[in-house]
Structure formats: structure tokens, C-alpha cells
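Structure first, commentary second.
All residue numbers refer to positions in the sequence shown, counting from 1.
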Amino acid sequence: MTSIILTIGILSNPTLIAFSQQSVSITPGAPDEGNLEPYAPNAINVVLGSTVSWINEDITEHTVTANDEGSSAAPALFDSGPIPPGMAWDNMFDSPGTFGYHCVIHPWMTGRVTVG
């Protein structure tokens, strides 16, 4: 995990805020229903304000879509849309909680981000 530490304030009273960047691989062969880890790692823990980057290392498009897909009145918490092979998509998590996600194209592909 890579962390960036920012110092804010006057030298006599600094405040430290930690932000992190984590990566999740969409693994080769991810859509194979026998693949036990289509997103690697399948579950990650991050601090509030972290950005997670999903990198598509497979040969087909995939999505990263919150399990609560929303509706026309209230869209999904997050939805990458199709991520082409070799490309990445980032999402910043600014609310605490546990967020399950899946691939809309291959719904058996699932993962989880816990923010806290």
C-alpha cells in the first residue's frame, strides 16, 4: 500500500492526514466461473479518503459496479462502466462502510471494499 502524508497547519501545531492508493487487479481469466479470485484481492480494507484503482489485466471488458445498482432516481454508489483490457478505473471512498461490488457483464465476479 502506498500512502501520502500531508502536513497541514503551523509548524508548532501540525495535523497529519493520511490518504492511500490501493490497486485491485481484474485477473486474467476473470470471467471463468471457476476463477476463485476474479478481483485480486477480492476484499480490501482502506482508510477514509482512499482511492482504489482497478486494473483490467484480462482480455475482455469488465465493470466495477456497486451491488446497490440504484435506479434512474438514485444512481449506483459507483459504476466504472466498461473497463477495456489494459485500462484502469479509480474510485475515491469518502464514506465509511462496507461496499460490495460486481461486474455487470459477469455478475458472478464479486469483491468488497471496507472503508474505515
Side-chain angles (χ1 to χ4, degrees):
M1 173 172 71
T2 303
S3 294
I4 301 170
I5 305 290
L6 299 176
T7 302
I8 301 172
I10 303 171
L11 289 177
S12 62
N13 189 14
T15 302
L16 296 178
I17 301 174
F19 297 96
S20 73
Q21 172 84 36
Q22 291 204 22
S23 297
V24 174
S25 295
I26 301 173
T27 62
D32 177 358
E33 290 189 56
N35 186 339
L36 299 178
E37 198 167 38
Y39 297 105
N42 272 345
I44 61 170
N45 298 312
V46 299
V47 297
L48 193 63
S50 294
T51 297
V52 177
S53 180
W54 283 267
I55 304 160
N56 187 355
E57 297 176 0
D58 193 29
I59 60 171
T60 189
E61 290 184 335
H62 297 286
T63 74
V64 176
T65 305
N67 285 346
D68 179 7
E69 292 182 42
S71 66
S72 59
L77 293 172
F78 55 89
D79 183 8
S80 65
I83 304 170
M87 300 302 289
W89 179 76
D90 296 344
N91 189 64
M92 187 182 87
F93 289 88
D94 56 5
S95 299
T98 298
F99 304 94
Y101 62 88
H102 64 282
C103 175
V104 171
I105 304 164
H106 311 98
W108 53 89
M109 291 174 52
T110 62
R112 183 179 72 241
V113 177
T114 301
V115 183

| message | As a quick check of understanding, evaluate side-chain contact (heavy atoms from CB on, under 4.5 Å) for Ile105 and Thr63, giving each step before the final call. | response | CA-CA 7 Å; Ile105 304 164; Thr63 74; 4.1 Å; yes

| message | Which residues pass the side chain to side chain donor-acceptor pair (under 3.5 Å) test with Asn91, not counting sequence neighbours? | response | none

| field | For Glu57, side chain to side chain donor-acceptor pair (under 3.5 Å) partners two or more places apart | value |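 Once residues adjacent in sequence are excluded, the partners of Glu57 under the side chain to side chain donor-acceptor pair (under 3.5 Å) criterion are Ser25.
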
| Other residues, nucleotides, ligands: >12 heavy atoms within 6.0 Å of Ile59 CD1 |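 Atom CD1 in Ile59 is not packed in, count stays at 12 or less.
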
Would you list the atom pairs, donor with acceptor, under 3.5 Å between side chains in residues 106-116 and any protein atom, with sequence neighbours excluded?
unit_1, atom_1, unit_2, atom_2, d
His106, ND1, His62, ND1, 3.1
Trp108, NE1, Pro31, O, 2.9

| field | Thr51/Asp90 under side-chain hydrogen bond (donor to acceptor under 3.5 Å, both in side chains): CA gap, chis, key distance, verdict | value | CA-CA 6 Å; Thr51 297; Asp90 296 344; over 6 Å; no

Does any non-hydrogen side-chain atom of [Y] lie less than 4.5 Å from one of [X]?
X	Y	value
Gln21	Ser53	yes
Tyr39	Val24	yes
Phe78	Val64	yes
Glu61	Ile83	no

| message | If hydrophobic clusters are built from ILVMFWY residues whose side chains come within less than 4.5 Å, do Ile44 and Ile26 share one? | response |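 Yes; Ile26 is reachable from Ile44 via cluster members.
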
| said: Would you say Trp89 ends up clustered with Ile55 if hydrophobic residues are merged whenever their side chains have heavy atoms under 4.5 Å apart, either directly or through other cluster members? | reply: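 Different clusters: Ile55 never reaches Trp89 through Ile, Leu, Val, Met, Phe, Trp or Tyr contacts under 4.5 Å.
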
| Tyr101 OH to Asn67 CG distance, which is reported to the nearest 0.5 Å | 10.0 Å

| request: Could you tell me whether the side chain of Asp58 and the main chain of Pro84 form a donor-acceptor pair under 3.5 Å? | output: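 No, Asp58 side chain to Pro84 backbone: no donor-acceptor pair under 3.5 Å.
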
| Asn35 and Thr27: CA distance, side-chain angles, deciding distance, side-chain hydrogen bond (donor to acceptor under 3.5 Å, both in side chains) verdict | CA-CA 9 Å; Asn35 186 339; Thr27 62; 3.2 Å; yes

